[in-house]
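Sequence lines set the chain letters: A, B, ... in the order given, protein chains first and strands last, and positions in each chain run from 1. Hydrogens, waters and symmetry mates play no part in the numbers below; they use all other heavy atoms, side chains included.
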Amino acid sequence: MELTLDEVRHVAALARLGLTDAEQELMRDQLSSILGHINALNELDTESIPPTASVAALQNVWRDDTVQSSLPREQVLMNAPRQNEGCFEVDTPLGGEESSS
Amino acid sequence: MSAVAGTDALHWLTASEARTLLDKKELSAVELTQAHLARIESLDPSLNCHISTFPDRSLAQARAADERIGRGESAGLTGIPISLKDVLVTTGTQTTAGSQILKGYESPYDATVVQRLHAQDAVFVGKSNTDEFAMGSSTENSSYGVTRNPWNLDRVPGGSSGGPAAAVAAGEAMLSLGSDTGGSIRQPAGFCGIVGLKPTYGRVSRLGLIAFGSSLDQIGPFARSVEDAALILEAIAGHDPRDSTSAPMPSPDICSHLTGDLAGVRIGVAEEYAVDGMEPGVETAVATAVESLKDAGAIIKQVSLPHTRYALPTYYITAPAEASANLARFDGVKYGLSIDGGSLREMYEQTRGQGFGPEVKRRIMLGTYALSSGYYDAYYVKAQKVRTLLKQDFDAAFADVDVIVAPTSPTVAFPIGARLDDPYQMYLADVFTIPANMAGIPGVSVPCGFADGLPVGLQFLGKAFDEATLLSVAHAYERSQPWWRMHPELGNEI
């Protein structure tokens, strides 16, 4: 399983993860090697095996729909890098160069 | 580094011993806390177990504990000095997860386990070191420097919970809490010669544990004895409505089940728990331990866990996939590092690119790849199916035995730097601990001797929600051996 640099860049873009050129090359080599080990799973025939997402023997954990207290706004915002009028502040999400790389 | 047998020093007491002395007023919580804070001050410049300490606050908690003891109202952990892995959010101090991206982050709330310990007036002595976001097997991935193994300062303490493990092994804390996603409690406990318990998935609330692999993560204790591990498990376990995966059952009664009797207990040995690269010293120590279990009256039975060798590759799809989703929240908007990039997208990419270290980036990439369009079925769903097989292996084995015994790790603590260049070699350190996380069952590592002067860990695995039997067996083994009373000779004995 050999990844290409284009695949590395595509995955990094999906993850919104900035990687330097050197990191991209290292990632290509290391991920290819790790995926090589992971491909051992293809030795197993799992056609009729159901998947397990969680081992917790719980389904649909409900609670009553009651009003509960939440954290005060100033505590929620106390670590915010930027805030404005009691809200988190970010640059405008529209009009940017949202590329599909 | 040579081992020394237990002394009367306050920093080598077990929590159960300290409880008795505290309640008889032969020792105060302030004295006990001062002894551990002095240990941190003298040893941490070389060991680096802690990222943050707050001695004034620790002593204030100790004074509150002494008042409570004075009123005759002490609980099991009142006045006991405890270190918290720095992935457990705690008000009043920073919680970093070992990452630059959370440097200086102060949580607005306490993790459920922190609240429960606080309710008993336990004393927090510090926030301890961890591989970044608990991703690693050596604590070398921490942005706050490596923690050194108290038995040999050139060796790793294991990981990811290397800080809390080394802190208990070095007498900097009497107990500590870590988290275990693929072995991050049991493996460092083995490397540091102490007890480390991963409870059943769902036994302990994960609220306030910074999430890594949500279907695998579980909080658990490090301790100097199995009895101490049981004591703190009783304090932190039990249903929490704010963690919907926490099991709706009360905290178990475990301490009263620690009988020390192994007669008739069925203990399974699996041939699959032997791999290439297993150190002879580890093999010998574990084989000797199995013989001693037999001598104590246990019935040793062969069991088969045929899919064991697929656990590691399954884990390295499942855990990174869950991590890549969990770590999406670190985006420079709500908390943590934020690097202005000119546009929102550039800000995300710069912040995450500069805030995360190499191993975290590797796992985000691996997980994102496994979940991406075109690869989801081949990797993520495939891993979920193999997870079913791994769980079925344990279900079948536990039809015949009460617990399973195995090595905790194939090797003793390895040299600092030895595995950094080959990620998969590092991952192999967890080959014997990962299956329990995949199946959700509890596991505990207890010391079983030494190889090349370094501790060897013996792992017991139990049935889901049967920590009582698991710890009873581990306790019986522990008390039949001298190892749990051995401490590293660190100099600076106070």
- [ ] Decide yes or no on side-chain contact (heavy atoms from CB on, under 4.5 Å) for A:Leu35 and B:Tyr379, but give the supporting numbers first.
- [x] CA-CA 10 Å; A:Leu35 289 170; B:Tyr379 287 103; 3.8 Å; yes
TODO: State whether a side-chain donor-acceptor pair under 3.5 Å links A:Thr46 with B:Lys382.
DONE: yes
Open item on the list: For residues 351-362 of chain B, give me every residue with a non-hydrogen atom less than 4.5 Å from any non-hydrogen atom of chain A.
Closed with: B:Arg352, B:Gly353, B:Phe356, B:Lys361, B:Arg362
- [ ] Enter the distance from B:Glu322:CD to A:Ser54:OG here, rounded to the nearest 0.5 Å.
- [x] 8.5 Å
- [ ] Measure the spacing between CD of A:Glu89 and OG of B:Ser338 and express it to the nearest 0.5 Å.
- [x] 10.5 Å
Task: Top of B:Leu216, B:Leu312, B:Leu389 for chain A proximity - count of heavy-atom pairs under 4.5 angstrom - done: B:Leu389
Task: Side chain / backbone / both / neither for B:Ser324 at chain A, heavy atoms under 4.5 Å - done: neither
Task: Closest non-hydrogen atom pair, A:Asp91 against B:Ser343 - done: OD2-C, 4.0 Å
Open item on the list: Heavy-atom cut-off 4.5 Å, strictly under: side chain, backbone, both or neither for B:Tyr310 against chain A?
Closed with: both
Task: Separation of A:Ile38 CD1 from B:Thr314 OG1 (nearest 0.5 Å) - done: 9.0 Å
- [ ] Among the options A:His37, A:Glu43, A:Gln75, pick out the one with the most heavy-atom pairs lying under 4.5 Å from chain B.
- [x] A:His37
TODO: Select, from A:Leu58, A:Val90, A:Val55, A:Val76, the one with the greatest count of heavy-atom pairs under 4.5 Å involving chain B.
DONE: A:Val55
Task: Heavy-atom proximity to chain A below 4.5 Å, by part of B:Lys334 - done: both
Open item on the list: To the closest 0.5 Å, what do you measure between CD (B:Glu346) and CZ (A:Arg16)?
Closed with: 11.0 Å
Open item on the list: Do A:Thr92 and B:Leu344 have side chains that approach each other closer than 4.5 Å (heavy atoms only, starting at C-beta)?
Closed with: no
Open item on the list: I'd like to know whether A:Leu44 forms a side-chain contact (heavy atoms from CB on, under 4.5 Å) with B:His307, so could you lay out the CA-CA distance, the side-chain angles of the two residues, the decisive distance to 0.1 Å, and finally the verdict.
Closed with: CA-CA 9 Å; A:Leu44 293 171; B:His307 297 94; 3.9 Å; yes
Task: Choice from A:Ala12, A:Ala57, A:Pro72 maximising heavy atom contacts with chain B below 4.5 Å - done: A:Ala12
Task: B:Met365/A:Leu19 under side-chain contact (heavy atoms from CB on, under 4.5 Å): CA gap, chis, key distance, verdict - done: CA-CA 11 Å; B:Met365 290 290 290; A:Leu19 297 178; 4.1 Å; yes
Task: Heavy-atom proximity to chain A below 4.5 Å, by part of B:Asp331 - done: neither
Task: Partner chain B: residue of A:Arg63, A:Met78, A:Gln83 with the largest heavy-atom pair count (under 4.5 Å) - done: A:Met78
Open item on the list: Below 4.5 Å, heavy-atom pairs only: which of B:Ser215, B:Ser244, B:Gly202 has the largest tally toward chain A?
Closed with: B:Ser244
Open item on the list: Please classify the contact between B:Ser246 and chain A as side chain, backbone, both or neither, with a heavy-atom cut-off of under 4.5 Å.
Closed with: backbone
Open item on the list: What residues of residues 434-442 of chain B make heavy-atom contacts with chain A at a cutoff under 4.5 angstrom?
Closed with: B:Met438, B:Ala439, B:Gly440
Open item on the list: Return the OG1 to NZ distance between A:Thr52 and B:Lys385, rounded to the nearest 0.5 Å.
Closed with: 11.0 Å
Open item on the list: Would you say that more than 12 heavy atoms from the other residues, nucleotides or ligands in this model lie under 6.0 Å from the CG of A:Asn84, or not?
Closed with: yes
Task: Options B:Tyr316, B:Tyr105, B:Tyr315, B:Tyr348, ranked by heavy-atom pairs under 4.5 Å with chain A, top entry - done: B:Tyr105
Open item on the list: Could you report the tightest heavy-atom contact between A:Pro81 and B:Gly332, atom names first, then the distance?
Closed with: CG-O, 3.4 Å
TODO: Using a cut-off of 6.0 Å, state whether more than 12 heavy atoms not belonging to B:Arg329 lie near its atom CZ.
DONE: yes
Task: Side chain, backbone, both or neither of B:Ser214 within contact of chain A (heavy atoms, under 4.5 Å) - done: neither
TODO: Please look at A:Leu17 and chain B and tell me whether the side chain, the backbone, both or neither of the residue comes under 4.5 angstrom of a heavy atom of that chain.
DONE: both
TODO: Could you look at A:Val61 and say if it's the side chain, the backbone, both or neither that has a heavy atom under 4.5 Å from chain B?
DONE: side chain
Open item on the list: For B:Pro423 versus A:Ile34, what's the shortest heavy-atom pair and its separation?
Closed with: CB-CD1, 4.2 Å
Open item on the list: Under 4.5 Å from any heavy atom of chain A, what part of B:Tyr427 do you find: side chain, backbone, both or neither?
Closed with: side chain
- [ ] Sort A:Glu47 into side chain, backbone, both or neither according to what part of it lies under 4.5 angstrom from a heavy atom of chain B.
- [x] backbone
- [ ] Please lay out, stage by stage, how A:Leu14 and B:Tyr369 fare under the test side-chain contact (heavy atoms from CB on, under 4.5 Å).
- [x] CA-CA 9 Å; A:Leu14 289 174; B:Tyr369 179 76; over 6 Å; no
Open item on the list: Using only atom types and a distance under 3.5 Å, with no angle test, would you say the side chain of A:Asn79 pairs donor to acceptor with the backbone of B:Glu106?
Closed with: yes
- [ ] Check for a donor-acceptor pair, side chain of B:Thr388 on one end and backbone N or O of A:Pro50 on the other, with a separation under 3.5 Å.
- [x] yes
